[in-house]
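Everything numeric here is computed off the predicted structure, so don't read it as measured data. One-based numbering, in listed order, for ligands and for the atoms of each. All values below were derived from every heavy atom in this structure, side-chain atoms included, with hydrogens, water molecules and symmetry-related copies excluded.
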Amino acid sequence: MVEKVIPIRLDEGKGLTPSIPGQLMPASASTRDSRGRPLRDLRISVTDRCNFRCTYCMPKEIFDTNYPYLAHQELLSFEEITRLTSIFASLGVEKIRLTGGEPLLRKNLEVLVEMLAKIRTTSDQALDLTLTTNGSILRKKALALKAAGLHRLTISLDGLNDDIFKKMNDVDFPVTDVLDGIAAAQEAGFTNLKVNMVVKKGTNDQEIIAMAKHFKGTGITLRFIEFMDVGSSNGWDMSQVLPSKDVVARINAVFPIEALEANYPGEVAQRWRYVDGSGEIGFISSVTQTFCHECTRARISTDGQMYLCLFANKGFDFKTLLRANKSDLEIANVIMSTWAVRDDHYSEIRGSNTAMSNTRKVEMSYIGG
Ligand code: SAM
Ligand code: SF4
Ligand code: SF4
């Protein structure tokens, strides 16, 4: 049973408002944090709401009708998100992931995608624009997202057995509708689709082989995610984590697999492929094999707070800066100076139990997964 704690957002959703450095420097992609890591990826949470209540993310007991979701005026507008993203792009960010909550619940999201698709990187390329969704309304949205310029899609699905999946999403949502969303994405022309499966030991680990079998040979990359201690409400403990090495062993026993090189430094998933040539699978081992040393990601919450780590307990309030008419260069300087002192490496220092860390962390639905 999860203890009821409200509110989840820290500082009433307000981060620290950073001050503008006295001397402004030109925007530069060469800023490194205190551990030598550049800023290359940005995850943007476009809504803190969701139509699922996945037990590991937005448990019903807490995310009920009394939960203090953000009011519309607190959300960054599409114009504000686009402006902030273009400033991040001027600082070397190349990859954007739209997330949430359930991003497709944000009205007219394709309009935002179209606006972001026009932004160029420092090497005059389009941004790598991706989105993570639970797939529930993808059938309605896939074509519009593709037409708007979205490059890639990741769909979350925690099993093929309806009873197990419904128990995890906790809103009785059937597997077939997510599979139909995936089919819609393929019909709309998305290639290189990824499917994320969070593995909770004793809850859905019996689905691992069925999921591997289902997606093997389809061109869709299935990725197994270790259940993480994100937020403060999902009742995480180490006994419910099935280490990726055990998932690898289980799959390898049925369908032989071999490890591949990473595509690029900082890649979150470890890549493997089926020895028979029927495609790739991935493992995101945030608990047992940490990758903080090459973490190049910043996150923007739904209300415009920048977080330097998924497990951070403090954000930096960029909404206030945007709404105070600060210039792009001033905001770029705030990002550079904030990034320069970043020291976050939570996964390398987490205890075996969230309670041991003794700090409240922001919820994933607010900060973006
Ligand atoms: N609603 C969308 C979805 O579910 O795909 C996007 C937001 S969700 C927070 C992003 C990703 O985080 C999903 O793939 C989800 O399964 C994963 N996630 C959420 N809580 C998690 C946890 N406690 N441990 C590991 N992954 C988690
Ligand atoms: Fe919603 Fe995604 Fe969290 Fe599930 S994981 S509750 S679909 S935001
Ligand atoms: Fe990056 Fe924080 Fe995750 Fe480490 S724990 S990989 S620093 S987001």
Side chains of [Y] and [X]: any donor to acceptor distance under 3.5 Å?
| X | Y | result |
| --- | --- | --- |
| Thr288 | Glu226 | yes |
| Ser86 | Arg120 | no |
| Gln270 | Gln289 | yes |
| Asn134 | Asn51 | yes |
| Arg271 | Asn263 | yes |

Numbered atoms of ligand 2 (with element) below 4.0 Å of Gly101, judged on heavy atoms: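 Those qualifying, in numeric order: 8 (S).
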
Look at ligand 1 and say whether [X] reaches it with a heavy atom at a distance under 4.0 Å.
| X | result |
| --- | --- |
| Ser365 | no |
| Glu226 | yes |
| Gly135 | no |

Face-on cation placement of Lys201 at Phe227 ring, 6.0 Å and 45° thresholds: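 No, Lys201 and Phe227 do not form such a contact.
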
Stepwise salt bridge (Lys or Arg N to Asp or Glu O under 4.0 Å) check, Lys200 with Asp205: CA-CA 6 Å; Lys200 254 184 111 173; Asp205 57 317; over 6 Å; no

Cluster check Leu143, Leu145: I/L/V/M/F/W/Y, side chain < 4.5 angstrom: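 Leu143 and Leu145: separate clusters.
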
Electrostatic pair Arg49:Glu102 at N-O distance under 4.0 angstrom: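 So Arg49 does not pair with Glu102 through a salt bridge.
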
Electrostatic pair Arg152-Asp128, nearest N-O below 4.0 angstrom: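 Salt bridge between Arg152 and Asp128, a charged N being under 4.0 Å from a carboxylate O: yes.
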
Which protein non-hydrogen atom lies closest to [atom], naming both residue and atom, and how far is it?
| atom | value |
| --- | --- |
| atom 3 (Fe) of ligand 2 | Cys57 SG, 2.4 Å |
| atom 2 (Fe) of ligand 3 | Cys309 SG, 2.3 Å |
| atom 8 (S) of ligand 3 | Leu310 N, 3.3 Å |
| atom 1 (Fe) of ligand 2 | Cys50 SG, 2.3 Å |
| atom 4 (Fe) of ligand 2 | Cys54 SG, 2.3 Å |
| atom 7 (S) of ligand 3 | Asp344 O, 3.6 Å |

Would [X] count as being in polar contact with ligand 1, using the rule that some N or O on each side must be under 3.5 angstrom apart?
| X | value |
| --- | --- |
| Asp158 | no |
| Met228 | yes |
| Thr99 | no |

Aromatic plane relationship, Tyr69 with Phe63 - under 30° parallel, 30 to 60° tilted, over 60° perpendicular: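 Rings of Phe63 and Tyr69: tilted, as their planes differ by 30° to 60°.
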
Numbering as shown, the atoms of ligand 1 that approach [X] to under 4.0 Å (heavy-atom distance):
| X | result |
| --- | --- |
| Glu102 | 1 (N), 2 (C) |
| Asn134 | 2 (C), 3 (C), 5 (O) |
| Gly101 | 1 (N), 2 (C), 6 (C), 7 (C) |
| Ile225 | 25 (C), 26 (N) |

Any Ser365 heavy atom less than 4.0 Å to ligand 2: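 Ser365: no contact with ligand 2 (<4.0 Å).
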
4.5 Å side-chain heavy-atom contact, Asp303 and Asp317: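 No, their side chains stay 4.5 Å or more apart.
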
Within reach of ligand 3, part of Glu348 (heavy-atom separation under 4.0 Å):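 Under 4.0 Å from ligand 3, Glu348 contributes no heavy atoms.
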
Nearest heavy atom to [atom] wins, so pick from [options].
| atom | options | result |
| --- | --- | --- |
| atom 12 (O) of ligand 1 | Met197, Arg49, Met364 | Met364 |
| atom 5 (O) of ligand 1 | Cys57, Ser156, Ser286 | Ser156 |
| atom 9 (C) of ligand 1 | Cys50, Gly100, Pro103 | Gly100 |

Intermediate values then yes/no, side chain to side chain donor-acceptor pair (under 3.5 Å), Thr290 and Ser347: CA-CA 6 Å; Thr290 58; Ser347 286; over 6 Å; no

Short N/O/S contact of Cys292 with atom 4 (Fe) of ligand 3 (below 2.8 Å):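 Checking atom 4 (Fe) of ligand 3 against Cys292, an N, O or S atom does fall under 2.8 Å.
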
So if I count the atoms of ligand 3 from 1 in the order they appear, which ones are less than 4.0 Å from some heavy atom of [X]?
| X | value |
| --- | --- |
| Ser347 | 5 (S) |
| Phe311 | 5 (S) |
| Phe291 | 6 (S) |

Test item, Arg299 contacting ligand 3 (heavy atom, 4.0 angstrom):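 Yes; Arg299 lies near enough to ligand 3 that a heavy-atom distance drops under 4.0 Å.
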
Residues Asn313, Tyr346; criterion side chain to side chain donor-acceptor pair (under 3.5 Å); working and verdict: CA-CA 11 Å; Asn313 61 2; Tyr346 176 84; over 6 Å; no

Partner of Phe255 under side-chain contact (heavy atoms from CB on, under 4.5 Å), chosen from Ile209, Asp276, Val275, Ile281: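 Output: one option passes, namely Ile209.
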
Full working for salt bridge (Lys or Arg N to Asp or Glu O under 4.0 Å) between Lys146 and Glu187: CA-CA 10 Å; Lys146 182 72 184 162; Glu187 288 157 26; over 6 Å; no

